[in-house]
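Remarks on the structure that follows.
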2 protein chains.
Amino acid sequence: MELDERKLKILKSIIRNYLETGEPVGSRTISKDPELQLSSATIRNEMADLEEMGLIMQPHTSAGRIPTDQGYRLYVDQLMEDSKRETKEANQLLIERVDRVELLLKNLAKILASNTNYATLISAPQSRHNKLKFIQLSKVDERKVLAVIMMEGNVVRNSILDAVDEVDEQVMLKMNLLLNTMLTGLSIDEISLGLIAKLKEEAGEYSHIVEKVLNAISETIRAEENDPQIYTSGATNIFKYPELSDGEKASELLSTFEEKHVLNELITTSMQQNNHEIQIYIGNESPVETMKDCSVVTANYELGDGLQGIIGIVGPKRMDYEKVVSTLRTLMQQLDDIYNKK
Amino acid sequence: MELDERKLKILKSIIRNYLETGEPVGSRTISKDPELQLSSATIRNEMADLEEMGLIMQPHTSAGRIPTDQGYRLYVDQLMEDSKRETKEANQLLIERVDRVELLLKNLAKILASNTNYATLISAPQSRHNKLKFIQLSKVDERKVLAVIMMEGNVVRNSILDAVDEVDEQVMLKMNLLLNTMLTGLSIDEISLGLIAKLKEEAGEYSHIVEKVLNAISETIRAEENDPQIYTSGATNIFKYPELSDGEKASELLSTFEEKHVLNELITTSMQQNNHEIQIYIGNESPVETMKDCSVVTANYELGDGLQGIIGIVGPKRMDYEKVVSTLRTLMQQLDDIYNKK
DNA sequence: GTTAGCACTCCATTAAAACGAGTGCTAACA
DNA sequence: TGTTAGCACTCGTTTTAATGGAGTGCTAAC
């Protein structure tokens with residue numbers, strides 16, 4: 001069967017309608033579309049074809065049609081138009097350059113959630129390829145040392161180390177100097193075994209402290225990778241969509257947002273896309289099991305210095321794709337303007 | 001009307017029953033209680049009295065009775081027994097002394113939530129009366145300075161300052177020394193105007209940096225007070241209780257846990273209690289509007305060095321008060337053993 | 001003071017009926 | 001050959017009625 005112009009128009013009309021109302025749409029409704037001057041009977045015939053092609057379906061015999069996942073897919077791939085709708089909302093995102101990336105991302109999540117009325121998640125940048133800016137050791141008390149590790153993007157991590165024996169202020173100063181001259185500017189991946197050996201040699205009798213510090217660094221980074229920071233907001237927005245808000249489903253979905261670590265898969269999958277295009281996961285396409293009744297729109301952001309992560313919007317399958325995509329695009333543009341062109 | 005021994009026994013039996021089943025309990029059910037050798041008719045008479053006293057009520061004419069808020073109140077105040085139930089759960093809390101208070105509290109929240117099957121919230125210790133351990137300034141780049149502020153309890157705060165003009169390494173060292181000698185060991189409240197003036201004088205030409213640092217400190221602290229850290233866990237547990245999990249209610253309650261700042265009132269109210277007793281808020285007694293259908297059990301914890309905050313368990317009114325209270329008591333005991341006696 | 005007995009209330013469940021939105025099919029039409 | 005009006009049919013939803021049962025309050029007897 002051929003998917004001609006008219007069928008596409010009808011499909012588009014059906015999906016548009018369904019996105020708005022959330023109700024199955026019947027042939028009569030479509031026949032009223034000014035773009036399609038056809039009787040309901042004709043529409044019905046076409047609908048039967050579209051159903052056969054797996055693009056739409058009936059919840060039950062005497063109901064209107066709703067899009068299938070395949071139908072949505074076709075819609076977002078081919079039928080969706082670039083939204084020119086009031087970008088005023090997007091403009092209001094009004095991002096200033098913020099020193100602390102974490103703060104920025106938290107706010108961003110909040111703003112996106114309240115702008116879109118969907119749930120939002122943002123992954124903090126992965127630090128693996130991120131460069132050390134400096135390390136600062138300070139004495140906390142007799143046996144404890146605070147290591148402050150700062151990476152590009154002004155991401156700060158603290159870690160408290162147990163020293164084997166009492167720490168001397170002088171030693172500390174030396175260590176600071178040593179660590180910084182040797183390590184600053186390197187990414188975690190670039191700290192090789194050879195370098196470590198050399199570092200220890202230089203440290204002489206204090207090599208055990210060097211070891212602790214290096215462990216702390218790698219552990220801090222590793223911990224972050226296994227359990228990366230994820231900022232979420234507006235999870236309770238799902239209650240605005242009846243198809244998601246009944247008991248079981250809502251519970252599962254909200255747990256996902258509460259536990260957060262389950263979101264990792266979505267983040268890694270989405271990061272693996274090599275391009276900077278916006279991606280859309282419909283229903284089961286999502287790597288997260290509990291989102292099988294949702295759609296997820298993700299974008300890779302970059303804040304310069306190779307700091308990158310993903311932003312995801314989670315909503316019902318009948319989410320307003322155009323608005324979400326356009327909001328994300330505008331946002332990416334803005335971030336790019338601010339952080340990359342400088 | 002008098003509330004004699006028998007009436008109390010009956011009330012207790014009714015509430016016990018209702019806590020377990022969540023269903024209104026009828027006279028026949030109570031007449032089977034081995035502790036009460038009475039016919040259902042007699043129970044009915046007594047029930048009528050209890051209802052008149054406002055301790056129980058009927059959802060509708062031909063239903064059994066459920067406790068009123070007043071009834072619950074009387075129960076937790078007088079009728080509740082100390083639970084000797086398997087404290088093994090509580091023992092499993094197995095707390096080790098953790099260096100980072102934040103980490104400890106986060107874990108605690110998780111453990112409590114999964115142990116009780118209710119929602120848990122823990123407020124991070126308020127820093128106002130908390131003493132500074134040390135301040136460390138480090139140069140980030142030409143115009144930026146990282147201030148690391150460490151307080152008792154090993155609570156670390158970072159803040160990035162904009163310097164007016166380029167920062168000299170030498171100056172930094174001086175500032176560090178100056179700030180630490182003058183401020184270490186003081187609480188925020190103890191940093192008086194006089195002290196600040198003196199500090200500025202000592203700093204001479206760099207007094208503007210001192211000012212910035214002080215501002216940063218007080219702002220950091222203030223920000224924390226307005227929006228104190230609150231760790232929550234198990235908010236989705238509320239779906240286990242039908243009376244809380246229908247649409248509107250669940251949504252409101254979960255939003256409360258998502259927004260968190262609404263929980264502040266609960267925390268301040270609970271902190272104001274001068275004693276270290278466990279407190280129970282039933283329904284409208286709770287300072288948080290959205291918890292009017294819940295009960296909240298709170299405890300003030302103290303981790304030594306005056307680090308204190310509150311732990312709260314939020315569940316349906318028919319929560320297992322005995323278990324919750326006993327769990328919290330055990331926990332407090334353990335924390336006390338570890339942190340205060342040393 | 002306690003209890004058996006009974007009429008009564010009212011919610012919950014089930015069954016039946018009415019409704020209506022939407023379909024598929026057929027036959028007529030351009 | 002594509003389009004459309006007409007109509008019987010399907011099936012979920014809503015409405016109404018009927019039935020059952022849990023539990024009560026009251027009365028009268030023990």
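Everything numeric here is computed off the predicted structure, so don't read it as measured data. A, B, ... follow the sequence lines: proteins, then strands. Residue 1 opens every chain.
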*Between Leu266(B) and Tyr281(B), does a side-chain contact (heavy atoms from CB on, under 4.5 Å) hold up when you go through it step by step?*
CA-CA 10 Å; Leu266(B) 174 63; Tyr281(B) 302 90; 4.2 Å; yes
*asked:* Without decimals, in angstroms, what is the distance between Asp49(A) CG and dT23(C) P?
replied: 14 Å
_Would you say Thr42(A) places a side-chain N or O within less than 4.0 Å of OP1 or OP2 belonging to dT3(D)?_
no
*Side-chain ion pair, Arg16(A) and Glu322(A), N-O less than 4.0 Å*: yes
_Arg65(A) side chain, from C-beta outward: closest of dA5(D), dT23(C), dT10(D)_ = dT23(C)
*Met47(A) or Pro59(B), whichever maps to the more 5' nucleotide of DNA chain C*: Pro59(B)
*State, to 0.1 Å, how close Val314(B) and Met319(B) come at their nearest heavy-atom pair, and which atoms those are.*
C-CE, 4.0 Å
*asked:* Nearest to the side chain of Gln58(A), heavy atoms from C-beta on, is which of dC11(C), dA5(D), dG24(C)?
replied: dG24(C)
*Report yes if a side-chain nitrogen or oxygen of Arg44(B) is closer than 4.0 Å to either non-bridging phosphate oxygen (OP1 or OP2) of dA4(C); otherwise report no.*
no
*asked:* I need the CD-C1' distance between Gln37(A) and dT4(D), as an integer number of Å.
replied: 14 Å
*Take atom CZ in Arg28(A); do more than 12 heavy atoms of anything else shown fall under 6.0 Å from it?*
no
*Could you tell me whether the phosphate oxygens of dT3(C), OP1 or OP2, come under 4.0 Å of any side-chain nitrogen or oxygen in Ser39(B)?*
yes
_Candidate pair Leu11(A) and Gln78(A), rule side-chain contact (heavy atoms from CB on, under 4.5 Å), full reasoning_ = CA-CA 11 Å; Leu11(A) 179 62; Gln78(A) 299 180 36; over 6 Å; no
*Do Thr68(A) side-chain atoms and Leu55(A) backbone N/O form a donor-acceptor pair below 3.5 Å?*
yes
*Interatomic distance where CD belongs to Glu46(A) and P belongs to dG2(D) [whole Å]*: 10 Å
*List the steps and the verdict of side-chain hydrogen bond (donor to acceptor under 3.5 Å, both in side chains) for Thr327(A) and Thr330(A).*
CA-CA 5 Å; Thr327(A) 305; Thr330(A) 319; over 6 Å; no
*Please report, rounded to the nearest Å, how far the P atom of dG25(D) is from the CD1 atom of Ile43(B).*
13 Å
_Atom-pair distance (NE2 on His60(A); P on dG20(C)), nearest Å_ = 16 Å
*Is the number of heavy atoms from other residues, nucleotides or ligands within 6.0 Å of NZ (Lys7(B)) greater than 12?*
yes
*Nearest nucleotide by nearest heavy atom, which residue falls closer to the 5' end of DNA chain C, Asn45(B) or Val25(A)?*
Asn45(B)
*asked:* Classify Ser27(B) by what it touches in the nucleic acid, base, sugar-phosphate, or nothing, heavy-atom distance under 4.0 Å.
replied: sugar-phosphate
*Calculate the interatomic distance between Glu5(B) atom CD and dG1(C) atom P; express it in whole Å.*
17 Å
_Any side-chain N or O of Arg28(A) below 4.0 angstrom from OP1/OP2 of dT23(C)?_
no
*Starting at the 5' end of DNA chain D, what dot-bracket string do you get if Watson-Crick and G-U pairs under 3.5 Å are bracketed, crossing pairs use [ ], other-strand pairs use | and unpaired bases use dots?*
||||||||||||||||||||||||||||||
*Protein-nucleotide distance (Ile56(A), atom CD1; dG24(C), atom P), rounded to Å*: 9 Å
*Starting at NZ of Lys32(B) and ending at P of dA22(D), how long is that distance when rounded to a whole Å?*
10 Å
*Selection from dT4(D), dC11(C), dA21(C) that lies nearest to any side-chain heavy atom of Ser62(A)*: dA21(C)
